[in-house]
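Here's the structure, in structure tokens; my notes come after.
FYI, side chains are in, hydrogens and waters are out, and symmetry mates aren't considered; it's all heavy atoms of this structure. Heads up: numbering here begins at 1 and tracks the sequence. The shown structure was predicted, so the numbers you read here are calculated from the model rather than taken from an experiment.
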Amino acid sequence: MRVEDEKTPRPDQVEKDITDFLTKKYGGSVRVLGPMAMTQEDGEQEDPKKAAPRKAIRFDLKPEELCAYLDQYIVRQDRAKAVLATKICTHYNRVAKAMAAVEKPPEIAGGVKNNVLLMGPTGVGKTYLLKLIARKIGVPFVKGDATKFSETGYVGGDVEDLVRDLVREADGDVELAQYGIIYLDEVDKIAGAQNLVGIDVSRSGVQRALLKPMEETDVDLRSPNDPMSMMQEFERMRRGEKKSPSRVNTKNILFIMSGAFNDMARIVKKRLSEQGIGFSASVGSTMTDAAYLHKVRAEDLVAYGFESEFIGRLPVMAVLDELSEDDLFEILKNPNNPIVLSKKLDFAAYGIRIVFTDPALRAVARDAANHKTGARGLVSAMERALLCFEKKLPSTDIKTFTVTGAVAKDPEAELARLLENPDDPAFAEAFSRADQEERAFFKQYLACHWDLYASKFGLALTETRKDLLSSRAMENPSDLEALAARLARDLDRVGSLSERFFTEHGIELILDDPARDHVLAWAGDQKKIEDYYPLLTQGFLYGCKLLGEKKNKKSFDLNATALQNPEAYLSVLIKEELSNP
């Protein structure tokens, strides 16, 4: 029996030491790819072909459903939302159907995968759009920057690292990773430079390296340039273990590319001017640069510097338009937008509630529009307006703050005015008025956009629930889907009160929607729903037991009135039941 040398380090210890050394020497730009999903607890890798039987993914989302979901968060960009929703839903519905089939469907020679190319200026929502889609459909999603990859992997990173990252995002589930989404941003930066002699490793080389993964290939989870992978293989050989390869197939991985394509308008304009004659040419000359993007063809992308084989693997194109001041205002006005929600949470961390007026949001939108960076500029504009308040107010006793148009336009002067007389009734009145306006707008928004969540969570939107959700949105900022999910959980907890009553007493209490809303209103955000159970037993146990003994009645329908006055409800019910022979 062989005794291991106690001084021989374990692979994870070596990995940690190498990582610490590289971090100190090169900072965060160099990383060591660890075992990820490649090793189990005993250091062995299970061959995915010998793993448990493959389970069909469940996907039945329709394009219009996904598009309606995106409409809750994304302003404008209707064409891009429609293209993405349609092609992504089609891709995954085809995959789901093929996996669920009893017999494997025949392969289509030359089949095309719905990889997508997105074009549009910075700050129009390309990345946000893809993050929302990934969250909605629930498949692994990774985002990479095209400028950080190289053909060989010796400079920058290997493009196959993106596939390995999918496994990491899938928590080591190789099978699930094979149905993920890879989003590569700034792809316009890898267009080959014109008049360049030799191979451009960081541009055209990256395009060639992406060709096989974008179509179909097997990617080894162990990077050939990863020292830890080699050390782990050596450790297996030393222990006499068999080599156990693990690979990911990219056939069903969806690739989505995006970029600003700043100089593309010139190329399209040149093509149109060469093709147009007479009146048509003069019409083309009046088009804006943004309008030219909508007329992009594959030949324009080749002229831009892309290889035709690369463009051929991106059959779907969509253009996102530049955002105007009105668009930016609508983004801020949307209750789901992360910019306002994040800022409310920033102040809430200090116990301060803030509300925004429409003039304030309009001023922030105007500031961002002037900087020409799209929605990305909204964050900076918001910080310029509120940074001084965020610095000073936590050190005061002020617990409510109204962001007005004056605050957004001249923050320093408004801060000085607030600190000079924080107890001025005008501030309290302004906060109360703005709070009521926000609540009213949120309730109106709920009524207009609730269908999506009604179908997902099976919830009817009553007036009580509108009030509850609006209060929660004001006091604990979150997006509408998170609030709807919490409401569904709370209603389930209300239902568990009836289940507990039946388990303990053998009597069924059936609460209708108004009755369940009564329990929610009673609990609010200050009490636990479970604390309502003693009120049920105190109010209904004796009377229900009496009716059960006298009339063999085991089920009782309760409405909100019954919960508000159990004694009166039971008194009437007992009289009615006992009066009947």
Side-chain angles (χ1 to χ4, degrees), residues 80 83-95 98 107-120 126 129-130 133-134 139-153 156-166 177-192 199-219 247-261 264 267 293 296-320:
V83 169
L84 283 170
T86 301
K87 303 315 294 183
I88 287 177
C89 284
T90 299
H91 173 77
Y92 283 106
N93 275 294
R94 284 185 61 174
V95 169
E107 295 285 345
I108 300 176
V112 178
K113 188 163 54 173
N114 291 328
N115 297 324
V116 182
L117 176 62
L118 294 177
M119 293 179 285
K126 297 187 292 292
L129 189 58
L130 267 297
I133 291 175
V139 297
F141 170 83
V142 296
K143 176 181 181 292
D145 188 334
T147 60
K148 295 181 180 179
F149 293 96
S150 70
E151 178 183 24
T152 63
D158 191 326
V159 293
E160 293 184 349
D161 286 345
L162 293 168
V163 180
R164 300 182 186 106
D165 287 343
L166 271 181
Q178 293 181 142
Y179 304 99
I181 293 176
I182 290 178
Y183 171 49
L184 200 57
D185 196 12
E186 296 194 2
V187 73
D188 52 323
K189 303 297 192 302
I190 64 170
I199 297 177
D200 186 356
V201 174
S202 65
R203 293 188 179 184
S204 297
V206 179
Q207 295 180 45
R208 287 191 290 273
L210 280 165
L211 294 181
K212 287 186 177 180
M214 288 171 67
E215 195 167 54
E216 180 181 3
T217 191
D218 289 325
V219 176
R247 305 173 74 81
V248 177
N249 186 275
T250 65
K251 176 182 178 181
N252 293 310
I253 293 176
L254 202 58
F255 283 78
I256 299 179
M257 313 283 183
S258 75
F261 293 88
M264 180 61 76
I267 294 174
L293 276 183
V296 168
R297 294 180 180 176
E299 60 189 277
D300 301 319
L301 292 166
V302 172
Y304 194 81
F306 287 104
E307 308 238 347
S308 58
E309 294 87 351
F310 181 77
I311 296 304
R313 286 164 174 79
L314 292 167
V316 182
M317 288 189 287
V319 177
L320 286 84

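Every residue two or more places apart in sequence or in another chain was checked for a side chain to side chain donor-acceptor pair (under 3.5 Å) with T250, and none qualifies. Residues forming a ring pair (Phe, Tyr, Trp, His ring centres under 6.0 Å) with F310 (at least two apart in sequence, or on another chain): F306. Residues forming a side chain to side chain donor-acceptor pair (under 3.5 Å) with D188 (at least two apart in sequence, or on another chain): none. Taking the side-chain contact (heavy atoms from CB on, under 4.5 Å) definition, one finds that L254 meets it with I88, H91, Y92, K113, N114, N115, I181, sequence neighbours left out. N249 pairs by the side-chain contact (heavy atoms from CB on, under 4.5 Å) definition with Q178, E216, D218, K251, not counting sequence neighbours.
Expressed to the nearest 0.5 Å, how far CZ of R94 lies from SG of C89 amounts to 14.0 Å. Here CD of E186 is found 4.5 Å from CG of D145. Values are rounded to the nearest 0.5 Å. Taken from CD1 in I311 to CD in Q207, the straight-line distance is 7.0 Å, to the nearest 0.5 Å.
Side chains of I190 and V187 form a contact here, defined as non-hydrogen atoms less than 4.5 Å apart. Contact of the L162 side chain with the K143 side chain is not registered, since no non-hydrogen atoms from C-beta on lie closer than 4.5 Å. Here the side chains of L314 and M214 are in contact, with some heavy-atom distance below 4.5 Å. In this structure the side chain of L118 reaches within 4.5 angstrom of the side chain of L130, judged on heavy atoms. Taking the side chain as every heavy atom from C-beta outward, L210 and L184 approach each other to under 4.5 Å. Within the 4.5 Å cutoff, side-chain heavy atoms of M119 are placed close to those of V296. In this structure the side chain of I253 reaches within 4.5 angstrom of the side chain of V248, judged on heavy atoms.
No donor-acceptor distance shorter than 3.5 angstrom exists from the side chain of E160 to the backbone of V219, with no hydrogens or angles considered. At distances below 3.5 Å, not a single donor-acceptor pair connects side-chain atoms of N93 with backbone N or O atoms of T90. T217 places no side-chain N or O within 3.5 Å of a backbone atom of P213 that could act as its donor or acceptor partner.
Across I267 and A303, no two heavy atoms sit closer than the pair CG2-CB, 3.9 Å. Between A177 and P140 the shortest heavy-atom distance is CA-CG, 4.2 Å. Summarising the geometry of L84 relative to I256, their closest heavy-atom pair is CD2-CD1, 4.2 Å, with the distance given to 0.1 Å. Pairing each heavy atom of R313 with each of E309, the nearest pair is NH1-O, 2.9 Å.
The aromatic rings of Y183 and F141 sit parallel to each other, their planes meeting at less than 30°, with 60° as the upper class boundary.
A salt bridge links D161 and R164; the closest N-O separation between the charged side-chain nitrogens and carboxylate oxygens is under 4.0 Å.
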